[in-house]
Asker: 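Sending over a structure as structure tokens; questions will come in a sec.
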Amino acid sequence: MTLLDAARAYQELMKYRYVFLLGHKGIAETLTLEFTKEAFHHLAGLHKIGIARIRNKKYALDFILESKDVPKIESRDVLIDRWECICRLKEMIESNRIVFRMQKREFPSSQFKADYLMTKETCVFFIKDNGPLSIFTARDDQLKNAARNLKLTT
């Protein structure tokens, strides 16, 4: 997987607005999930690399998609992992095998707080304010911790 593959997959997701009806113990709530250009920057891990041309959240996705000179990025496992998850995200969302959970506290080994987390197999996708926050392949201990959160039915 490359950064360009992830950018193309994300661009495809931007065409859709996903609406989920979630519930627990007879109480229902609606989650609307939208993919903005700016959210790609963090989702793809671009904040972890110091390339000036892709530092701007507003223009990073367009630059990657339109440039014939996409900068070579050191193939770090953490970045490739994110890009692979982004490439699988549309299939993950549209499958009937995803699990939503309320996320009320920080996820282990991260500093962000999300409203929801979605899991399918080992891929974990975090949602905050109806948009993507982060995505990665979770370790076993992280998956066990995720299972402790309140499970919602779709």
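Since this is a predicted model, take the numbers as computed values, not measurements. Quick note: numbers below take in every heavy atom, side chains included, and nothing from hydrogens, waters or symmetry partners.
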Asker: Quick one: CG on Asp129 to OH on Tyr116, what's the gap to the nearest 0.5 Å?
Answerer: 10.5 Å
Asker: Output the distance between atom NZ (Lys57) and atom NE2 (His42), rounded to the nearest 0.5 Å.
Answerer: 7.5 Å
Asker: Quick check: closest heavy atoms across Ala28 and Leu21, and the distance to 0.1 Å?
Answerer: CB-CD1, 3.9 Å
Asker: Flag yes if more than 12 heavy atoms outside Lys37 fall under 6.0 Å of its NZ atom; otherwise flag no.
Answerer: no
Asker: Looking at every non-hydrogen atom in both residues, tell me the closest pair between Met14 and Leu61 and how far apart they are.
Answerer: SD-CD2, 3.4 Å
Asker: Let me confirm one number: the CG-CD1 distance from Asp5 to Ile86, rounded to the nearest 0.5 Å.
Answerer: 11.0 Å
Asker: Applying ring pair (Phe, Tyr, Trp, His ring centres under 6.0 Å) to Phe126 and Phe136, what does each step give before you reach the verdict?
Answerer: CA-CA 9 Å; Phe126 295 87; Phe136 55 85; 5.6 Å; yes
Asker: Take the angle between the ring planes of Phe40 and Tyr10 and call it parallel below 30°, perpendicular above 60°, tilted in between.
Answerer: tilted
Asker: What's the separation between atom CD in Glu121 and atom SG in Cys85, rounded to the nearest 0.5 Å?
Answerer: 10.5 Å
Asker: Which heavy-atom pair separates Pro132 from Ala39 by the least distance, and what is that distance?
Answerer: CG-CB, 3.6 Å
Asker: Drop me the distance from Leu89's CG to Glu12's CD, to the nearest 0.5 angstrom.
Answerer: 12.0 Å
Asker: What are the two closest non-hydrogen atoms of Cys87 and Ala9, and how far apart are they?
Answerer: CA-CB, 3.8 Å
Asker: Can you name the closest pair of heavy atoms from Gly45 and Leu79 and give their distance?
Answerer: O-CD2, 3.4 Å
Asker: What are the two closest non-hydrogen atoms of Arg82 and Leu43, and how far apart are they?
Answerer: NH1-O, 3.2 Å
Asker: Taking atom CG of Leu33 and atom CG of Asn130, what is their separation to the nearest 0.5 Å?
Answerer: 7.5 Å
Asker: What do the steps show when you test Thr137 against Glu84 for side-chain contact (heavy atoms from CB on, under 4.5 Å), and what is the final call?
Answerer: CA-CA 9 Å; Thr137 300; Glu84 287 176 355; 5.9 Å; no
Asker: Is the ring pair Tyr18/Phe20 parallel, tilted or perpendicular, if the boundaries are 30 and 60 degrees?
Answerer: parallel
Asker: Would Leu31 and Asp115 satisfy side-chain contact (heavy atoms from CB on, under 4.5 Å), going step by step from the backbone distance to the final call?
Answerer: CA-CA 10 Å; Leu31 167 65; Asp115 298 325; over 6 Å; no
Asker: Yes or no on salt bridge (Lys or Arg N to Asp or Glu O under 4.0 Å) for Glu38 and Lys58, after CA distance, side-chain angles and deciding distance?
Answerer: CA-CA 5 Å; Glu38 295 80 11; Lys58 198 173 194 178; 5.8 Å; no
